[in-house]
Amino acid sequence: FTSWSSTQPVTEVVAMLKEMFDGFSAIVTNSADVTLIKTIGDSYWAVSGLSSWMHNKGASHDMKQVALHAASLVRCGLRMCNHVLAMQNKREAWTSLQIRAGVHTGSVFAGVVGKRKYSYDV
């Protein structure tokens with residue numbers, strides 16, 4: 001992303017990020033139990049199982065639940081890859097876009113930012 005964006009006009013970079021993140025947000029919204037927790041630059045961080053973790057007051061998930069959450073994230077990641085492929089076919093400047101998706105299982109950390117806003121990190 002850094003090398004590509006350094007050769008593009010700012011308007012092109014913003015248009016690409018908007019198209020990418022709008023598509024990713026639609027994918028996450030329509031994915032079972034997947035939640036966006038943050039964006040950092042060109043990174044889009046999402047988790048699965050957060051709502052059930054909160055419902056269970058932070059109790060550990062059994063392995064079946066962990067596998068279901070991981071599978072949900074894998075499906076979401078594949079849809080994101082397909083979205084980027086569709087973007088590459090849409091504009092000449094976007095043909096060199098690449099995406100990397102990863103899945104990890106483990107603990108989540110939650111805290112309150114300010115007085116009411118929850119913030120999550122992995």
Side-chain angles (χ1 to χ4, degrees):
F1 173 78
T2 303
S3 61
W4 174 83
S5 64
S6 67
T7 65
Q8 301 297 314
V10 172
T11 53
E12 189 67 34
V13 175
V14 170
M16 185 279 298
L17 287 172
K18 180 176 178 1
E19 175 98 10
M20 184 179 292
F21 285 175
D22 285 353
F24 288 0
S25 292
I27 291 164
V28 165
T29 299
N30 293 311
S31 296
D33 202 24
V34 177
T35 305
L36 166 68
I37 59 169
K38 67 173 126 182
T39 58
I40 301 173
D42 62 332
S43 297
Y44 192 97
W45 293 32
V47 297
S48 181
L50 185 59
S51 60
S52 59
W53 178 82
M54 289 175 55
H55 178 73
N56 295 328
K57 297 180 175 39
S60 295
H61 287 58
D62 64 33
M63 289 310 292
K64 181 178 178 182
Q65 288 174 313
V66 170
L68 290 172
H69 296 312
S72 185
L73 283 174
V74 168
R75 285 189 297 274
C76 189
L78 289 171
R79 289 183 193 114
M80 289 174 169
C81 290
N82 286 333
H83 176 66
V84 171
L85 285 172
M87 287 177 61
Q88 290 174 328
N89 293 325
K90 195 172 187 178
R91 278 171 114 153
E92 179 66 30
W94 297 350
T95 57
S96 63
L97 291 177
Q98 296 180 353
I99 183 172
R100 183 180 62 210
V103 175
H104 174 74
T105 61
S107 300
V108 63
F109 176 82
V112 177
V113 176
K115 294 184 180 188
R116 291 184 277 177
K117 174 77 170 103
Y118 279 103
S119 179
Y120 301 97
D121 211 340
V122 291

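Remember, predicted model here, so these are calculated numbers, not experimental data.
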Residues forming a salt bridge (charged side-chain N to carboxylate O under 4.0 Å, His left out) with R91, sequence neighbours excluded: E12
Could I get the full list of salt bridge (charged side-chain N to carboxylate O under 4.0 Å, His left out) partners for D22, not counting sequence neighbours? K18
Using a side-chain heavy atom cutoff under 4.5 Å and only I, L, V, M, F, W and Y, what cluster partners does V10 have? V14
What residues form a side chain to side chain donor-acceptor pair (under 3.5 Å) with T105, not counting sequence neighbours? none
Residues in side-chain contact (heavy atoms from CB on, under 4.5 Å) contact with [X], at least two apart in sequence or another chain:
| X | answer |
| --- | --- |
| T35 | V47, L50 |
| L78 | V74 |
| N82 | L85 |
| K64 | D62, L68 |

Which atoms form the tightest heavy-atom contact between I27 and S31, and what is the distance? O-OG, 2.7 Å
Minimal heavy-atom distance between H69 and S48, with the atoms involved, is ND1-OG, 3.3 Å
Does a side-chain heavy-atom distance below 4.5 Å link V28 with M80? yes
Is it possible for you to say whether V13 and M87 belong to one hydrophobic cluster, with membership spreading through side-chain heavy-atom contacts below 4.5 Å? yes
Same cluster or not: I99 versus V34, using hydrophobic residues (I, L, V, M, F, W, Y) connected whenever any side-chain heavy atoms lie under 4.5 Å apart? yes
Side chain to side chain contact (heavy atoms under 4.5 Å, CB included) between M16 and Q8, intermediate numbers included: CA-CA 10 Å; M16 185 279 298; Q8 301 297 314; over 6 Å; no
So, W4 side chain and A93 main chain: donor-acceptor pair closer than 3.5 Å or not? yes
Could you check whether any side-chain N or O of S72 sits under 3.5 Å from a backbone N or O of A32, counting only pairs where one atom can act as donor and the other as acceptor? yes
Ring pair (Phe, Tyr, Trp, His ring centres under 6.0 Å) filter on F21, not counting sequence neighbours, yields Y44
What distance do [X] atom [atom1] and [Y] atom [atom2] have between them, rounded to the nearest 0.5 Å?
| X | Y | atom1 | atom2 | result |
| --- | --- | --- | --- | --- |
| W45 | L36 | CH2 | CG | 11.5 Å |
| M20 | T39 | CE | OG1 | 12.5 Å |
| L17 | S5 | CG | OG | 8.0 Å |

Test: salt bridge (charged side-chain N to carboxylate O under 4.0 Å, His left out). Region: residues 96-105. Which pairs qualify, not counting sequence neighbours? none
